[in-house]
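Beneath this line is the structure, given in structure tokens, with notes to follow.
The structure presented is a predicted model; accordingly, all values stated were derived computationally and were not measured. Chain A is the first sequence line, chain B the second, and so forth, proteins listed ahead of strands; every chain is numbered from 1.
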Protein chains: 2
Amino acid sequence: MTHEAKEKFNKLREEGYRITSQREQLLEFFYNLPDGEHLSAEEMHKKLTEKGIKISLATLYRSLKFLVINGFIRELDFGEDHKHYELKGPDNKQHQHLICNSCGLTVEFEDKNLYDYAIKIAKRNNSFEIRDYQFKIFGLCEKCRGLT
Amino acid sequence: MTHEAKEKFNKLREEGYRITSQREQLLEFFYNLPDGEHLSAEEMHKKLTEKGIKISLATLYRSLKFLVINGFIRELDFGEDHKHYELKGPDNKQHQHLICNSCGLTVEFEDKNLYDYAIKIAKRNNSFEIRDYQFKIFGLCEKCRGLT
DNA sequence: TTTCGTGCAAACCATTTGCAGCAGC
DNA sequence: GCTGCTGCAAATGGTTTGCACGAAA
């Protein structure tokens, strides 16, 4: 967990939220995840349990929502029946995804111009306040292209 | 329904798919929708029924999938508990969305450079074959910004 | 006539919720 | 001690599926 994240937690505590061990350990878990790994809630629950971290599925869902709303992580939808979650990077170097509709493969890419672009669009629309921006390219990966 | 869409249907028929009245009427329904309207399956089912178009919810879901896979419409996820569907525009003038996390308001925007950008990214990644690209900006709209 | 698609109702399954007990602060 | 958070189990609700019948081709 970064210094910045700790400060954010303190601020939330002052606002009346409680920093429980579940919330702390969950965020810590995200920081220890390999870069670009985006798990579903169920997968996460399994890994957390394996690590000895005790948290119920219900609390996990509630904590994920808590972390999303407060800008620690982001929620991704790849067109599957479940959501994925990953640590949120700095706004201007947030990575994005290519998603294969056939095998589900996801590949990350990063582009620093995308954030400036998002800001421009947001300004044009009554100064919309950006919380996250997602660019997704759906299609067929190299492997699946040959099969269809 | 456009000429192009009809040709696409004929091609599918030759491939062994059946062009049922449900599939035809559903696509026609999309063409008659106001520009930028993206309904959920349930909303759509209600509207179709009101129009006197008989289609069960199950078939609607199956037909939507059929139309998505074959590139007639696109499936959108705004972080709610259901998907939205809308007619797919030409690749290079596909509109994108700003989504308010608080009230659910969505605003469309269009940018012709975005497609070129998607192509560039796709080329860099083993010539990934693009089926759809979605740029979404999540955040707070003008109205909700004041409330939080 | 041969499949493929549809309608119905039941099943699925990720996510949410009510409630009683527990833990931050 | 007060109040928000957690765990459990049950509920929810959008979406999917099995099966028998109906309709494209």
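Closest to the A/Leu57 side chain, of the nucleotides C/dT15, D/dC8, D/dT15, is C/dT15. When each of D/dT6, C/dA14, D/dA9 is scored by its nearest atom to the side-chain atoms of A/Arg62, the top-ranked nucleotide is D/dT6.
As rounded to whole Å, 6 Å separates atom P of C/dT17 from atom NZ of A/Lys65. One interatomic measurement links the two molecules: CZ of A/Phe66 to C1' of D/dC5, which rounds to 11 Å at whole-angstrom precision.
Ion pair B/Glu37/B/Lys47 flagged as a salt bridge, since at least one NZ, NE, NH1 or NH2 atom sits closer than 4.0 Å to an Asp/Glu carboxylate oxygen.
A distance of 11.5 Å separates CD1 of A/Ile73 from NZ of A/Lys65, quoted to the nearest 0.5 Å.
Note on B/Lys54: every side-chain N or O is 4.0 Å or more away from OP1 and OP2 of C/dT6. One finds no side-chain N or O of B/Thr59 lying less than 4.0 angstrom from the OP1 or OP2 phosphate oxygen of C/dG5. Neither OP1 nor OP2 of D/dT16 sits under 4.0 Å from any side-chain N or O of B/Tyr61.
For DNA chain D, the neighbouring residues in residues 4-25 of chain B, judged by any heavy atom under 4.0 Å, are B/Arg13, B/Arg18, B/Ile19.
With sequence neighbours left out, B/Arg74 forms a side-chain contact (heavy atoms from CB on, under 4.5 Å) with B/Leu76, B/Glu86, B/Lys88, B/Gln94, B/His95, B/Gln96, B/His97, B/Asp132, B/Gln134.
Ring-centre distance between B/Phe30 and B/Tyr85: not below the 6.0 Å cut-off. Annotation: A/Tyr133 is not in aromatic contact with B/Phe138 [ring centroid separation under 6.0 Å not met].
A rotation axis mapping the C1' atoms of four pairs onto the next four is fitted at both ends of the helix from C/dT1-D/dA25 to C/dC25-D/dG1 over five pairs, and the angle between these axes is 50° to 10 degrees.
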